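Just below is one structure, and these are the notes that go with it.
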Amino acid sequence: MTDRAPQPVDRQLPTEESRDLLALVREIAQREIRPKAAEEEDSGRFPREVFTLLSEAGLLGLPYPGEFGGGEQQYEVYLQVLEELAAARLTVGLGVSVHSLACHGLGGYGTKEQQSAHLPAMLGGGLLGAYCLSEPAAGSDAASLTTKAVRDGDDWIITGTKAWITHGGVADFYTVLARTGAEGPKGITAFLVPGDAEGLTAAVPEKKMGMKGSPTAQLHFDGVRVPDARRIGEEGQGFSIALAALDAGRLGIAACAIGVAQAALDEALTYALDRKQFGHPIADFQGLRFMLADMATKIEAGRALYLAAARLRDAGKPFSRQAAMAKLFCTDAAMAVTTDAVQVLGGYGYTADFPVERLMREAKVLQIVEGTNQIQRMVIARHLAGPETR
């Protein structure tokens, strides 16, 4: 084997503490996540013990306040943690992003009483969360959701079905968007629902192209009773809470995409340096060298784009347009890079003996989740040209 294997990403981090944090994440990824990734993805095994370990290490609440058990890390640091985890196994990286998304509503819009009561366990108490916005007939048009929450004294009764829920059936809590008023975005309210609530059941997980170790399932709410004390924000504020969460979540997806792309490039480069044809490593041939150069350029550009958006968020500035751009570019780049990685490995790339075919299958879903890339283009265009007039 060649001794010119890819080196860890040279990251620009703001503090010595954040550099130590990334070193810890790399160690956990190399020791606990990467070695089992291929086998467990193939068998469809969800690595709940890994999320327990990450919680114990303080890695499930990085961008949240320390007073509630969070890590008080800037988003530019948190996203690079996600990238490292996703490079080891997307089920884990994306799972951490989804967990953070599920905490966003309470963290940003909950009362102090609610935050004190629930956030410590959510951020560092071993719990795992999920986010319930989409429905069978309400995907890109999320404002048309029909799951209802009806007031009953000091409680709400939730009835309906949510779809495409990452961690569906295994999560300890769900942030649920339900209709409490008239049609449209202003009639939606957010709730924090326990995973073991009576009347809440999960369907059989979807059979997916990739990320087989991450359960994605419909959730059925059959008269689930939730106290008003678990309502997040004001009545009718749910959709704006959801959009704010998605802006942050899209950056998480972008970071995960670059992690997957980086893993694919690393595999392709190692193979190209080691594999010999016509008496030379195939990395000597200009056609492959140019492919590797283009792959690396896409990854660097995507990383710079998501970090620029994260720094805007950290500075308290608007970042919605930049988040959509980052999600769009990084996930398209991941699809292109993983496809090229399969090509570099040739026939071996098409087999499960090497991880690039799995990375290619996993990259595809990132162009779809948390707003398809067609939706991202709509968001960007609205920032540029205003709402559609038709």
Side-chain angles (χ1 to χ4, degrees), residues 1-13 22-42 79-94 210-211 253-276 281-285 287-307 329-366:
M1 293 295 289
T2 179
D3 59 0
R4 294 183 290 168
Q7 298 300 306
V9 174
D10 183 16
R11 299 191 180 280
Q12 303 303 309
L13 295 162
L22 264 293
L24 170 65
V25 172
R26 287 193 188 111
E27 179 187 345
I28 292 174
Q30 288 296 110
R31 186 182 71 243
E32 303 291 343
I33 302 174
R34 194 184 306 272
K36 304 174 184 177
E39 178 184 352
E40 292 190 349
E41 285 297 323
D42 186 56
L79 292 179
Q80 293 184 80
V81 169
L82 287 186
E83 184 189 328
E84 290 283 350
L85 293 173
R89 185 177 179 184
L90 183 58
T91 284
V92 176
L94 185 67
M211 285 192 68
I253 299 301
C256 287
I258 294 302
V260 170
Q262 185 69 58
L265 173 61
D266 290 348
E267 290 289 337
L269 181 56
T270 298
Y271 182 87
L273 291 167
D274 185 62
R275 171 75 165 172
K276 290 184 178 180
I282 62 173
D284 282 355
F285 297 104
L288 280 178
R289 294 178 80 87
F290 282 7
M291 284 179 70
L292 294 168
D294 286 344
M295 293 160 73
T297 300
K298 289 183 176 74
I299 290 169
E300 290 287 347
R303 184 176 290 123
L305 190 57
Y306 87 64
L307 286 174
F329 183 89
C330 292
T331 58
D332 281 353
M335 194 71 246
V337 168
T338 54
T339 301
D340 283 348
V342 171
Q343 191 70 21
V344 169
L345 271 68
Y348 290 110
Y350 200 66
T351 72
D353 295 329
F354 291 82
V356 289
E357 62 85 24
R358 171 171 59 84
L359 296 172
M360 177 179 164
R361 288 185 286 107
E362 291 177 343
K364 183 62 209 175
V365 76
L366 299 175

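Fair warning: this is a prediction, and the values are worked out from it, not measured in the lab.
- Applying the side-chain hydrogen bond (donor to acceptor under 3.5 Å, both in side chains) test to Q12 and every residue at least two apart in sequence or in another chain returns nothing.
- In this view, E357 and R361 satisfy the side-chain hydrogen bond (donor to acceptor under 3.5 Å, both in side chains) rule, not counting sequence neighbours.
- At least one side-chain heavy atom of C330 sits less than 4.5 Å from a side-chain heavy atom of I258.
- With sequence neighbours excluded, the residues satisfying side-chain hydrogen bond (donor to acceptor under 3.5 Å, both in side chains) with R11 are Q80, E83, E84.
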> Can you check side chain to side chain contact (heavy atoms under 4.5 Å, CB included) on R289 and D284, steps first, answer last?
Replying inline: CA-CA 7 Å; R289 294 178 80 87; D284 282 355; 4.1 Å; yes
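- Separation of atoms CG (L359) and CG (L90) is listed at 8.5 Å; rounding is to 0.5 Å.
- Residues satisfying the salt bridge (charged side-chain N to carboxylate O under 4.0 Å, His left out) test with E27, not counting sequence neighbours, are R31.
- Of all heavy-atom pairs between A257 and L366, the closest is CA-CD1, 3.5 Å.
- Residues R358 and A37 share a closest heavy-atom pair of NH2-CB, 4.0 Å.
- Distance check: T270 OG1 to R275 CZ gives 15.0 Å after rounding to the nearest 0.5 Å.
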Residues 339-356 side chain polar contacts: donor-acceptor under 3.5 Å, at least two apart:
| from | atom 1 | to | atom 2 | distance (Å) |
| --- | --- | --- | --- | --- |
| T339 | OG1 | M335 | O | 2.7 |
| T351 | OG1 | Y348 | O | 2.8 |
| T351 | OG1 | D353 | N | 3.4 |

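- Applying side chain to side chain contact (heavy atoms under 4.5 Å, CB included) to M360 and the options V260, T338, V337 leaves one that passes, T338.
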> For R303 and V9, what are the C-alpha separation, side-chain angles and deciding distance, and is it a side chain to side chain contact (heavy atoms under 4.5 Å, CB included)?
Replying inline: CA-CA 11 Å; R303 184 176 290 123; V9 174; 3.6 Å; yes
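- The CD atom of Q262 sits 11.5 Å away from atom CD of E267, with the distance rounded to the nearest 0.5 Å.
- With respect to R89 and E40, a salt bridge is recorded, a charged nitrogen being found less than 4.0 Å from a carboxylate O.
- Summarising the geometry, atom OG1 belonging to T297 is positioned 11.5 Å from atom CZ belonging to F290; distances are rounded to the nearest 0.5 Å.
- The distance from the CG atom of L265 to the CD1 atom of I299 is 4.5 Å, given to the nearest 0.5 Å.
- For the pair L85 and G93, the tightest heavy-atom approach, listed with the atom from each and the gap, is CB-CA, 3.8 Å.
- In this structure, SG in C256 is found 5.5 Å from CG in L94, a value given to the nearest 0.5 Å.
- Considering only residues two or more places apart in sequence or on other chains, D332 meets the side-chain hydrogen bond (donor to acceptor under 3.5 Å, both in side chains) condition with Q367, N373, R377.
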